[in-house]
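Structure first, then comments.
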Amino acid sequence: MLNETAVKLGKTRSTIREIFEYGNKRAAEVGRENIFDFSIGNPNVPAPDAVQDIIRELVNTEDPAKLHGYTSAQGAPENRKAIADDLNKRFGTNYNENQLYLTVGAAASLTISLNALTSSKDDEFIVFAPYFPEYLVFIEQGAGAKAVVIPPREQDFQIDFDTFIDKINENTKGVIINSPSNPSGVVYTNETIKKLAEILKDKSNEYNHPIYLLSDEPYREIVYDVEVPFVAKEYDRTIVCYSYSKSLSLAGERIGYILVPNVDKFDEIYAAVCGAGRMLGFVNAPSLFQKVIAKCTGMTSDLSVYAENRKLLLEGFEKMGYSCVKPDGAFYMFPKSLEPDDRAFCERAKKYDLLLVPGSDFGAKGHVRISYCVKTETIKRALPLFEKLAEEYRK
Ligand code: PLP
């Protein structure tokens, strides 16, 4: 007898993976350049040259036994210190290295934090649609808690506070937010964050136990003309789950961190994070990339490509009649599908080799996710096809 949950998860491919496979099949038939794959969030902009230079320097100068050996489970202290110093410089905070735990990316930051917090199968974590679909797996199958979904606030994808307040109860252990968002690209406003913080403070008092905010921030640095509020400054029970996958285009290298707030019984919370990392068998984050990120604080990949792609798509969509909440960050947008059935719409888009992901997968029917971390040339060639698709619905 095997773990049935694991077997089931292992057998079901996510829609994004299905589309990715379909794209490969079509590419073999009609050529890769004729496939307009907007399905996957793999940064197409390379990591900055500085990252490559630093890797070469480290490999050429460091003692290999140390460079590739184990580090402390939470990451080498000097690497954690470099991150704390950078956060303090940028956000006017006062963190130290003992509040950081280095991970293999945001997915690990989330699973470790969720496992650290969950003490009963009745514990609930609130997520806001449209959400990153893996949240449900991480909460329910990964941590054995319950996911409570708040439906989308369609007009702007900010938080529907009435429903949110309604769903908080004595079992609420935490809330996950993701701003800038995958899939909508929406950035929560200062007002939203302040109100969220106020409610969480009140509700923690009302239920006489802390409610933690897990702020999933892989896209924090990818924004266009707006500021992303630093959430941890607004609510002191925020656990920041960060990753360099997108900001430095290091998705395959697996590196990120958890920032543990100095609140409540800090020593216990930090120990729970270390213990959860241990339970899940993470051992330590990759040693080489710990050093790389410590030396690359404050850098990002060249975000101008995403900015250009976003501009072209938004302008094009507006002319064609696609309606879309303005995405101020990440490299995703989440327009309405031109028929209520988003899956049918995505099927129809396939006729033009436009590969889009149905919004239903993110808990928001009637939308599609477009991941625009692709070549600008791809966007330019795809726009006439989006127009042809829209034309079908005008008839
Ligand atoms: N959270 C969100 C919202 C994401 O979009 C992703 C990846 O796409 C992750 C977490 C996982 O990121 P990582 O590659 O750092 O594990």
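Position 1 is the first residue of the sequence, and the numbers go up from there. Ligands are counted one by one from 1 in listed order, and the atoms in each one are counted from 1 as well. No experiment lies behind these values; they were computed from the predicted model shown.
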* Asked: Tyr270 vs Tyr101 aromatic rings, parallel, tilted or perpendicular, using cut-offs 30° and 60°?
  -> perpendicular
* To do: Would you check if Tyr224 and Tyr306 make a side-chain contact, meaning some heavy-atom pair closer than 4.5 Å?
  => yes
* Asked: Tell me, do Phe331 and Lys246 make a side-chain contact under 4.5 Å, heavy atoms counted?
  -> yes
* Under 4.0 Å from a heavy atom of Pro218: give me the atoms of ligand 1 that qualify, with their elements. => 1 (N), 2 (C)
* Structure fact -> A student checking ligand 1 against Asn178 at a 4.0 Å heavy-atom cut-off should list atoms 3 (C)
* Interfacing atoms of ligand 1 (cut-off 4.0 Å, heavy-atom, Ser245) -> 13 (P), 14 (O), 15 (O)
* Asked: Where the closest heavy atom to atom 4 (C) of ligand 1 is concerned, which of Tyr135, Tyr131, Tyr219, Phe331 has it?
  -> Tyr219
* Report yes if Ala106 has an N/O atom closer than 3.5 Å to an N/O atom of ligand 1; otherwise report no. => yes
* Any idea which protein heavy atom is nearest atom 6 (C) of ligand 1, and the distance to it? -> Phe132 CZ, 3.5 Å
* Asked: Counting only heavy atoms not in Lys89, do more than 12 fall under 6.0 Å of its NZ?
  -> no
* Asked: To which protein heavy atom is atom 15 (O) of ligand 1 closest, and what is the distance rounded to 0.1 Å?
  -> Ser243 OG, 2.6 Å
* Between Lys351 and Glu392, does at least one N-O distance fall below 4.0 Å, as a salt bridge requires? -> yes
* Please examine the side chains of Thr189 and Gln158, heavy atoms only from C-beta on, and report whether any two atoms are closer than 4.5 Å. => yes
* **Proximal ligand 1 atoms for Arg254, defined as those under 4.0 Å from one of its heavy atoms** => 13 (P), 14 (O), 16 (O)
* To do: Would you mind listing which atoms of ligand 1 come within a distance below 4.0 Å of any non-hydrogen atom of Asn182?
  => 3 (C), 4 (C), 5 (O)
* Are the charged groups of Asp156 and Arg153 less than 4.0 angstrom apart, N to O? -> yes
* **Distance filter under 4.0 Å to Asp216 heavy atoms, resulting ligand 1 atoms** => 1 (N), 2 (C), 3 (C), 10 (C)
* **Residue Lys246 vicinity, atoms of ligand 1 by number, heavy atom under 4.0 Å** => 7 (C), 8 (O)
* Contacting atoms of ligand 1, where contact means under 4.0 angstrom from a heavy atom of Ala107 -> 11 (C), 13 (P), 16 (O)
* Structure fact -> Residues passing the side-chain contact (heavy atoms from CB on, under 4.5 Å) test with Val374, sequence neighbours excluded, are Phe38, Asn309, Thr378, Ile379
